[in-house]
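Each chain gets a letter, A, B and so on, in the order its sequence line appears, and its residues count up from 1.
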Amino acid sequence: MGALTGRMSPLGFFVKGKVEDWDAVVENLTRFRFQDLDPATGRQQSFGWVRCQDPFATDFSKSNFFFGESMVCLTMRVDSITVPASQVKLHLGRRVKAAMQESGKETISKDEVARMREDLVAEMSRKMLPSIKLFDMGYNAATGRLWFFGRSKSAVQTFLDLFHETFGLSMVPDSPYTVARELLGEEAADGLMDLPPASFASEA
Amino acid sequence: MELTKRIEGTRQFGNEFLTWLMYRSLANEGQIDCELGRIELWIEDRLTLVAPFAGREMNILKGESPAQGEEAGVALRMGKQLDNARISISWQGKRWDFQFSAPSFAFSSVKVPAVLTDTEFEAVVDRFDLLGTLEQIMRTLYHDFLKLRTDDGRWQVERSRIEKWLQQR
């Protein structure tokens with residue numbers, strides 16, 4: 001459920017501070033743009049920015065990520081290759097057996113098995129297509145309000161780091177406390193800590 | 001004090017807020033008056049009640065208007081509070097449907113009012129505007145709750161009303 005169609009499941013944040021230099025942001029978006037996984041590197045995950053209406057577009061200018069005067073919409077794309085452990089186990093067993101037959105030994109060292117596993121995973125990774133996950137973001141640069149459309153802990157953490165690197169700003173998540181702080185100010189919100197919990201239970 | 005501790009130490013205000021919201025809605029046939037004018041708010045077909053302490057025992061109620069059912073009344077009288085609810089809000093001729101998680105003040109599965117625009121660009125802007133409006137409504141209601149909650153005298157009056165309402169259910 002992204003931002004652009006269907007039901008929306010946003011995580012809300014308050015961004016601290018404002019962007020001073022949008023040209024620097026454009027440069028950073030290009031620097032941290034999504035780049036395809038390179039099979040030669042053996043990496044199994046790649047992430048970065050793409051344009052919010054086109055997961056294959058990584059050219060950025062203010063005109064293509066600003067929607068209206070202050071709304072910034074971008075998408076974080078995460079590509080991953082996951083080699084099923086059960087298949088690795090099967091193929092590795094066969095290779096270990098073949099290596100033992102070839103060497104005429106009855107055992108094989110743990111280091112050798114680990115190296116064979118590494119080679120095998122890299123080889124299998126090269127034959128697989130990565131899965132693509134897209135996480136939209138809407139950031140109102142005037143109000144500091146930000147919505148991220150992803151829920152998994154790993155996606156949220158990756159996004160927080162990527163946003164900080166790109167925009168030079170950090171943010172705090174919505175919660176009863178942080179929303180109260182926005183509404184009442186810090187001192188009054190801190191006062192909530194001293195209130196006893198309310199009970200609506202019958203005291204009779 | 002660290003922000004994380006403040007966040008974790010005040011999550012129950014989300015539960016109190018949602019419970020209070022249900023009371024305000026049910027006690028006044030869904031009508032709630034606030035700074036933004038009159039809002040119609042209903043707890044829809046799913047809600048979760050949690051005991052604030054003692055193992056956080058939970059009731060998950062589904063079906064037609066579970067908030068008005070006896071099971072919800074019993075759970076509330078036993079001290080449980082709302083943790084999560086499916087809510088609909090109507091304001092100025094527009095309607096939003098969504099799930100609200102009280103301890104994290106988080107919205108999910110938000111259905112915003114239909115957007116009729118000529119371009120995809122306008123549709124994106126409108127959808128975010130409508131999401132922002134929903135947040136503004138909920139924050140306005142939360143602000144009203146906090147003003148009551150932090151005023152001991154007014155809160156005691158409100159709490160007595162809620163208790164009385166619960167006993168009459």
**Study point:** Contacting region of Glu120(B) [heavy-atom separation from chain A under 4.5 Å]
**Key:** both

Check your understanding: Charged N to carboxylate O below 4.0 Å: is that the case for Arg51(A) and Asp59(A)?
Key -> yes

Study note, to complete from the structure: Highest number of heavy-atom pairs under 4.5 Å with chain A among Lys80(B), Gln99(B), Gln12(B), Arg139(B) belongs to Arg139(B)

Review point. Looking at Phe14(A), is Arg145(A) sitting on its ring face, NZ or CZ under 6.0 Å from the six-membered ring centre and within 45 degrees of the normal?
Key: yes

Revision key, fill the gap. Cut-off 4.5 Å, heavy atoms of chain B, and the answer for Glu186(A) is side chain

**Study point:** Region of Trp155(B) that comes under 4.5 Å of a non-hydrogen atom in chain A
**Key:** side chain

Review point. Side chain, backbone, both or neither: which part of Ile7(B) has an atom under 4.5 Å from a heavy atom of chain A?
Key: both

Check your understanding: If you measure from the Lys or Arg side-chain nitrogens to the Asp or Glu carboxylate oxygens, is any gap between Glu123(A) and Arg95(A) under 4.0 Å?
Key -> yes

Check your understanding: Which bit of Thr19(B) comes within less than 4.5 Å of chain A, counting heavy atoms only: side chain, backbone, both or neither?
Key -> side chain

Check your understanding: chain A heavy atoms under 4.5 Å from Val115(B): which part of the residue, side chain, backbone, both or neither?
Key -> neither

Point to revise | Interface moiety of Phe66(A) toward chain B, non-hydrogen atoms closer than 4.5 Å | key: backbone

Check your understanding: Hey, mind stepping through Arg6(B) and Asp190(A) against salt bridge (charged side-chain N to carboxylate O under 4.0 Å, His left out) and telling me if it holds?
Key -> CA-CA 8 Å; Arg6(B) 292 173 183 170; Asp190(A) 284 353; 3.6 Å; yes

Check your understanding: What are the two closest non-hydrogen atoms of Ala102(B) and Pro176(A), and how far apart are they?
Key -> O-CG, 3.6 Å

Review point. Thinking salt bridges, do Glu8(B) and Arg11(B) make one under a 4.0 Å N-O criterion?
Key: yes

